[in-house]
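Following: one structure in structure tokens, then a few remarks.
In what follows, chains carry the letters A, B, and so on, assigned in the order in which the sequence lines appear, proteins first and then strands, with residues in each chain numbered from 1.
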There are 2 protein chains.
Amino acid sequence: MYRRHCAILRKLLSMVYRDSHGRTLDDYPRPSVAVDTAVLTVPPSGELSVIVIAAGLGASDDAESALDRLPGTFLHPGETLAEAVRRSLRTKAGINGLRPRQLRVFDEPERDPRGWVLSVAHADTVPAEQLNTRSSAARLEPVAELTSLAYGHSAVVALAVEQLREQYLAAPDPAGLLHARFTLRELHALHETIAGTTLQRDTFRRAMIARLVATGERSSGGMGKPAELFKIS
Amino acid sequence: MYRRHCAILRKLLSMVYRDSHGRTLDDYPRPSVAVDTAVLTVPPSGELSVIVIAAGLGASDDAESALDRLPGTFLHPGETLAEAVRRSLRTKAGINGLRPRQLRVFDEPERDPRGWVLSVAHADTVPAEQLNTRSSAARLEPVAELTSLAYGHSAVVALAVEQLREQYLAAPDPAGLLHARFTLRELHALHETIAGTTLQRDTFRRAMIARLVATGERSSGGMGKPAELFKIS
DNA sequence: CTAATAGTGTCTATCAGACACTATTAG
DNA sequence: CTAATAGTGTCTGATAGACACTATTAG
């Protein structure tokens, strides 16, 4: 009931409000606002990958409908951008529990042939197990092998990867890509995958160990000396 | 003529396009999109300051119309966000030659009592001389003394200051706040103002001198030993 | 001379990079 | 034993912080 009163008040205000040129809010043409999200992960293959989908236009049986874009949707009234992102990923890729971060707004007036569309690019990174691989239209694609995506989505992926790298310089596993307990070997491999370079083993160990908590437990089953299991904080 | 053809094609496409629910672009309610900009500077007073304006509602002779918001405007069709920012600063604060950078989108559906308005926050930093102080409605306000601004603009200022600090860790004077040639004393004072802390003189000198070019000229007119003038690259 | 500012020498603690060594497991 | 991986000792060079010293100007 309170929300309803607010909505009525807002409607009245928007009719009464006039800017310095005497225009009300309704006199301004408005753009459509979309969200597009780069969901990164590191699947068992060990390659930094991103979720891409095909255009949702009809049956799309032909070879033309390539996996060439990021999941996205239009912002609905009363919805925040984060909610729109979660909705688009839930309905188009079967992913839940995301905490998307904004990257930037793509605003070139001609960027979308369908009309005036602003796109707010988002990114998030999740463990591969959280991805619903049975989902019909979505696929994982290694970022290194991405050819150019539609709607300038390649730039979104590039920005997302860049920010992910910065995050992994600041903390051992900010996206929680590893299990609760992990060996330094696993963490080392993850950092090399994300950075796209090799990282010296001993230097890496000494840098990371200060930010980790030793559990006293040991890994088992692999070759060589069992390694200590660590956890975050 | 070419642009005109494009516009017609786009209009046709937007009528033909249908999403997975059979809706065209025009079937989606759209938000108004605004830009709001924090323009930072360091005036002769030596305090990091930001431009604030009063609401542009009519004559505004009363004491109610406080300087309580950042300059902003609604995005016009065919315009980029950067163009809207430049337009708003030109018309509302008499500032030209900006290169605004996007900070983030403020998207809470209820944030603006006038209706559904997304705000894309921007920031830029300019030398104080570039500001038109004769401008009627705009004033410089030290960021330390800012009380709370309307429309959540205080958060914009906080973000702008944070990013400015990061920029000044990466380069001697990325915003060009000093003249073409300057002493290390001037650069030191500027960095202390921006960082909001004191910075050790000798360490600062050694860190900066590697990124500057000595001109061989000396300062004059001040007390003490004349200092060498440096320039950027 | 003094006050004020510019600029340098140097010690120390820390740290990244690099290399080589030891330790512990499977088979 | 060998292969493989885990973990450590230690040297080097670079650098930030700190302190104290010298240098050059005005008045």
Q | Interatomic distance where CD1 belongs to Ile209(B) and C1' belongs to dA16(D) [whole Å] | A | 16 Å
(Q) Once rounded to the nearest 0.5 Å, what's the spacing between atom CD1 of Ile53(B) and atom CZ of Arg69(B)? (A) 7.0 Å
(Q) Starting the side chain at C-beta, find the nucleotide from dA18(D), dG7(D), dA6(C) nearest to Gln200(B). (A) dA18(D)
Q | dC1(C) pairs with, by Watson-Crick or G-U criteria that keep both distances under 3.5 Å | A | dG27(D)
Q: Quick one: look up who dG9(C) pairs with, Watson-Crick or G-U, both distances under 3.5 Å, and put none if it's unpaired.
A: dC19(D)
**Q.** Ala207(A) vs Arg218(A), nearer the 5' end of DNA chain C by closest nucleotide
**A.** Ala207(A)
Q: Have a look at Arg205(A) and say if it touches a base, only the backbone sugar-phosphate, or nothing, with a 4.0 Å heavy-atom cut-off.
A: base
Q | Rounded distance (Å) that lies between atom P of dT8(C) and atom CG of Leu184(B) | A | 10 Å
Q) With respect to the side chain of Thr203(A), which nucleotide from dA18(D), dG17(C), dA23(C) is positioned closest? A) dG17(C)
Q | d(NZ, Lys225(A); C1', dA6(D)) in whole Å | A | 5 Å
Q) Out of dC19(C), dA16(C), dA18(D), which has the shortest distance to the side chain of Asp202(B)? A) dA18(D)
Q) Roughly, in whole Å, what's the span from CZ in Phe204(A) to C1' in dG17(C)? A) 15 Å
(Q) Without decimals, in angstroms, what is the distance between Met223(B) CE and dT2(C) C1'? (A) 10 Å
Q.
Between C1' on dG7(C) and CE on Met208(B), what's the gap in Å once rounded to a whole number?
A. 17 Å
Q. How long is the line joining CD of Glu228(A) and P of dA23(C), in whole Å?
A. 18 Å
Q) Which nucleotide, dG17(C), dG17(D), dT25(C), lies nearest any side-chain atom of Pro226(A)? A) dT25(C)
Q.
Return whichever of Phe230(B) or Gly224(B) has its heavy-atom-nearest nucleotide of DNA chain C closer to the 5' end.
A. Gly224(B)
**Q.** Row check, Phe204(A) ring normal vs Arg206(A) NZ/CZ: under 6.0 Å, within 45°
**A.** no
Q: Check the pair Arg101(B), His122(B) against side-chain contact (heavy atoms from CB on, under 4.5 Å), reporting the backbone distance first and the verdict last.
A: CA-CA 6 Å; Arg101(B) 56 181 195 278; His122(B) 286 73; over 6 Å; no
Q. Quick one: does Arg206(B) reach the base of dG17(D) with a side-chain donor-acceptor pair under 3.5 Å?
A. no
Q: Answer yes or no: are there more than 12 heavy-atom neighbours, outside Arg99(A) itself, under 6.0 Å from its atom CZ?
A: no
Q. Which part of the nucleic acid, if any, lies within contact of Arg185(A), taking any heavy atom under 4.0 Å across all strands shown: a base, the sugar-phosphate backbone alone, or nothing?
A. sugar-phosphate
(Q) When you measure from the side chain of Ser154(A) to the backbone of Leu149(A), do you find a donor-acceptor pair of N or O atoms at a distance under 3.5 Å? (A) yes
Q.
Without decimals, in angstroms, what is the distance between Glu186(B) CD and dT5(C) C1'?
A. 13 Å
